[in-house]
Student: 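My questions will all concern the structure given below.
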Protein chains: 2
Amino acid sequence: MRENGGGSRDAGERREQMLRAALDVIVERGYADTRIADVAEHTGTSPALVIYYFKTRDQLLTEAIRYSEDTWYAEYVQRIEQIPTAAGRLAELIAMNCLPGTDPEPNSYWLLWLDLWALSPRNAGVAAVRAKSDERWRETIRSIVLSGQEAGEFAPVDADDFTITLSALLDGLAVQIALEDPAVPPQRTYDLAMRFASGQLGFDAKPVPKRARKRGS
Amino acid sequence: MRENGGGSRDAGERREQMLRAALDVIVERGYADTRIADVAEHTGTSPALVIYYFKTRDQLLTEAIRYSEDTWYAEYVQRIEQIPTAAGRLAELIAMNCLPGTDPEPNSYWLLWLDLWALSPRNAGVAAVRAKSDERWRETIRSIVLSGQEAGEFAPVDADDFTITLSALLDGLAVQIALEDPAVPPQRTYDLAMRFASGQLGFDAKPVPKRARKRGS
DNA sequence: GCTTCTAGACTGAATGTTCAGTCAACTTTC
DNA sequence: GAAAGTTGACTGAACATTCAGTCTAGAAGC
């Protein structure tokens, strides 16, 4: 049936294909209702093959979430690295958290976070992914703040306090974005987060953000 | 087998008993893994009886979550009503969001919120509960701000902006509390939220909060 | 005796996972 | 360089279990 009956097929490629399919399904139906049959269908294969690559459903889904988080972070790093000012980097970070790109499925990351949080209390693997992701994110904010203060761009507030507060604020706004609360449209979350950050750190809130074009320059 | 084989038993009492049992189970195992049999066991009855009272599992669980949100809000109202100053009311509101009581299961509400958020995108009933709860909560904050400004306690910031920002901040902090992130202990979330609020509204952050004793003055 | 409760046995549909074996490519052996 | 052997990707058909929801019958109250 396959044009490539057996034997070949790049190994890791299949895995990634399945991880991406799993993410699609999780976003569409939620973690709990994601069946391995769905993932198989999305990849044009059989359930048996899915567990051939991932021993269990849970491993597949956990790995998919980790994959997503890593991808997201990598994209952030890529976007940020040529921005010279700390204020600019912070603005980009906030934009990534608040402004959904015009992507295939727009709210994917946000929805994923909701599942990630809800799963963490009872799923050690998922909890580990979240803990790492959260820590990485906070460290990122912290280092922007410190570098901005060193450069004299930012006021000398306590970096840890600011970091925790901003990341919590962004998480909370992410909930509103994911749930598409009509009272809190994405652009507004960006404005509010920026106002908070610029107010605390004492820099001028830049004009409008140039909207995110996904990967590719 | 039951000392009360059939017949009597206050009607609504059984329902509430089941709702509370459902909440216990949801907190313990998560919404997705909450089975009718668990709820039956917690109430010392049979699965069939649970279905007798709630037509479907989904109805039971949705109603349980609504029940929890209403209870939580009612408790807030009760605590707040004799506090004279707007600053005091705001502090109590923040305390309720940030400081887990020394209750039976400490983090129950927070964990419930995570499930509530994760469920909302794909479950209309749950989404309605959340929307209402969120709206009610924001309206509460807004009215505290407005009354505080009228009384001259608070600076004349934009009430809507402040409300959305604070409620998002509290949601984000709730995630950290629910997940028991070691970097963000509950007391710290309270301090940070209070610092934000007092900074924005320009009132003195009161000393330590008298810790929450649950219901009963 | 009619209504309200209640339990136990049961059913039907999913659905994760296993398993035996197929199929093509590569490697070894002669 | 071909036959024989080996390996890794892959599948279809079972298997086993889990669970929401039903059905029947019986007990309690009016």
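Just so you know, these numbers come straight off a predicted model, no measurement behind them. Throughout, a chain's letter reflects where its sequence line sits, starting with A, and its residues are numbered from 1.
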Student: Just how far, in rounded Å, is P of D:dC23 from CD1 of B:I51?
Tutor: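 Rounded to the whole Å, the gap is 13 Å.
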Student: For the pair made of CG in A:D58 and P in C:dT15, what is the distance, rounded to whole Å?
Tutor: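 Interatomic distance, CG of A:D58 to P of C:dT15: 16 Å.
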Student: Does a salt bridge link B:R35 with B:D38, judged by any charged N lying under 4.0 Å from a carboxylate O?
Tutor: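 Judged by the 4.0 Å cut-off on N to carboxylate O distance, B:R35 and B:D38 do form a salt bridge.
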Student: Is a donor on one side and an acceptor on the other found under 3.5 Å between the side chain of A:T45 and the backbone of A:E41?
Tutor: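 Such a contact is absent between A:T45 side chain and A:E41 backbone.
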Student: Using a heavy-atom cut-off of 4.0 Å across all strands, would you classify B:I36 as base, sugar-phosphate, or nothing?
Tutor: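 Touches sugar-phosphate only.
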Student: Within less than 4.0 Å of OP1 or OP2 of C:dT18, is there a side-chain N or O belonging to A:Y52?
Tutor: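 Looking at the OP1 and OP2 atoms of C:dT18, neither is under 4.0 Å from any side-chain N or O of A:Y52.
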Student: Nearest whole Å is fine: how far is C:dC5 C1' from B:Q17 CD?
Tutor: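 Whole-Å distance recorded here is 13 Å.
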Student: Can you tell me how far C1' of D:dT11 sits from OH of A:Y53, to the nearest Å?
Tutor: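 Nearest whole value for this atom pair: 13 Å.
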Student: Looking only at the side chain of B:T56 (C-beta and beyond, no hydrogens), which of the listed nucleotides D:dG12, C:dA7, D:dG21 gets closest?
Tutor: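 Taking heavy atoms from C-beta onward, the closest nucleotide is D:dG21.
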Student: If I take atom CD in residue A:E41 and atom P in nucleotide C:dT15, what distance separates them, rounded to the nearest angstrom?
Tutor: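 Computing the A:E41:CD to C:dT15:P distance gives 12 Å.
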Student: Using a strict cut-off of less than 4.0 Å between a Lys/Arg side-chain nitrogen and an Asp/Glu carboxylate oxygen, indicate whether B:D158 and A:R195 qualify as a salt bridge.
Tutor: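 So B:D158 does not pair with A:R195 through a salt bridge.
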Student: Given D:dC10, D:dA20, C:dG8, identify the nucleotide with an atom nearest to the side chain of B:R57.
Tutor: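 From the listed options, D:dA20 comes nearest.
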Student: Would you call A:R138 and A:D134 a salt bridge, taking side-chain N to carboxylate O under 4.0 Å as the test?
Tutor: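 Looking at A:R138 and A:D134, the cut-off is met.
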Student: Just how far, in rounded Å, is P of C:dT15 from CG of B:D33?
Tutor: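 Answer to the nearest Å: 14 Å.
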Student: Answer yes or no: does a side-chain N or O of B:R14 lie under 4.0 Å from OP1 or OP2 of C:dT6?
Tutor: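 Yes, within the criterion.
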Student: How about B:Q176 and A:W117: does a side-chain donor come under 3.5 Å of a side-chain acceptor?
Tutor: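 Result is no, nothing qualifies.
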Student: Closest to the B:R35 side chain: C:dT17, D:dC19, C:dG16?
Tutor: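 The nucleotide sitting nearest to the side chain is D:dC19.
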Student: A:L49 CG to C:dC19 P: how many Å, rounded?
Tutor: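 It is 17 Å, rounded to the nearest whole Å.
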Student: Over how many whole Å does the gap from A:R15 atom CZ to D:dG8 atom P extend?
Tutor: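 In whole Å, D:dG8 P and A:R15 CZ are 16 Å from each other.
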